[in-house]
Amino acid sequence: MRDARSQRADTATAIRDPSAEPARGSRRPAYTRLQVLGLLLIAGTGLAVTAAIIMTEPRLAGEVLVFFGPVAAVTLLAAWLAWRYGAWARAVAVIVGAAAAVLLSWTATALSHPQSVVDFGLGLGVATGVVLTVGGGIAALVAGRRGRVATERTSVERRLTRGVAVALGVALAASAVLTLAGRSTVDPAETAGAIPVEMAGFEFRPAEIHLDGPDGRLVVRNADVFLHDLSIPALDTGIVQITPGSTVVVELTGAAAGTYVVYCTLHSDLSADQPGDEDMTALLVVR
Ligand SMILES: [Cu+2]
């Protein structure tokens, strides 16, 4: 009789006390958090870069929103599904992560450009986000099958989250320092008689550069938050890198009269015979 009564009391406590009832979130498999973090990182990186582009070049707002808007919307939706629903949602999120890896594979090259923090941040954010989304998602699916829930969150998961956050912070800070410290300027004396060229909004301005005679100097300023370079293959200039906010002088000597293509090799398809509309090019006309 006493047993039955205390049992009833226990049941009543369990119903009244929310801490005795397993919280909704605790039924999530371990590693779900990592996957959701990865999806948020991809969306956040895309939105941050969109904001950076719009702030420096409002003209590109439409173009950049059409690309990163859907990427952010789909990854945020996948994050909500993976957090809210079951194994199917986490499987869908893995596919979304893999699709993001393919769609944004071009950002990976920016990992080799720590001297430009927006490029580097984009590459790093996407790469880390994809690894967490796919890796965390697969780990969560396995954990779910084995019945391991988030309340049993292993120290591995905790350490991974903290390690990733610290590594990202340190890498971005180092890249920001490199970007600021690596900014080059040109002495005003050197710019006398030189032709000013600006790189802005992934374009050369002017689009047609005129040079009277075989020799001359270009003073090239990168007004974008992205890394650009300058190369005139027909004149063997090599590739001159211009980091965000930097100005450099490019010497041209012995150019025969004619028209030459000036490339930013980072934002042009060099395999094509002729530069296309999407390429970041200008023409150099030598008289
Ligand atoms: Cu460029």
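Both counts, for ligands and for their atoms, begin at 1 and track the order of listing. Nothing here was measured: the structure is a model prediction, and the numbers come from that model.
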Worksheet item: Is the backbone of I242 close enough, under 3.5 Å, to the side chain of S246 for a donor and an acceptor to pair up by distance?
Response: no
Worksheet item: Is there any ring pair (Phe, Tyr, Trp, His ring centres under 6.0 Å) pair reaching into residues 157-194, and which pairs are they, with sequence neighbours excluded?
Response: none
Worksheet item: When you draw lines from the Cu ion (ligand 1) to SD of M280 and to SG of C264, what angle lies between them, to the nearest 10°?
Response: 110°
Item to complete: Answer yes or no: is there a donor N or O on one side and an acceptor on the other, between the side chain of T259 and the main chain of V285, under 3.5 Å?
Response: no
Response to the item:
Which atom of H267 is nearest the Cu ion (ligand 1), counting N, O or S only? It is ND1
Practice prompt. With sequence neighbours left out, write down each residue that passes side chain to side chain donor-acceptor pair (under 3.5 Å) with T265, or none if nothing qualifies.
Written response: D229
Worksheet entry | Atom name of the N, O or S atom in H228 that lies nearest to the Cu ion (ligand 1) | ND1
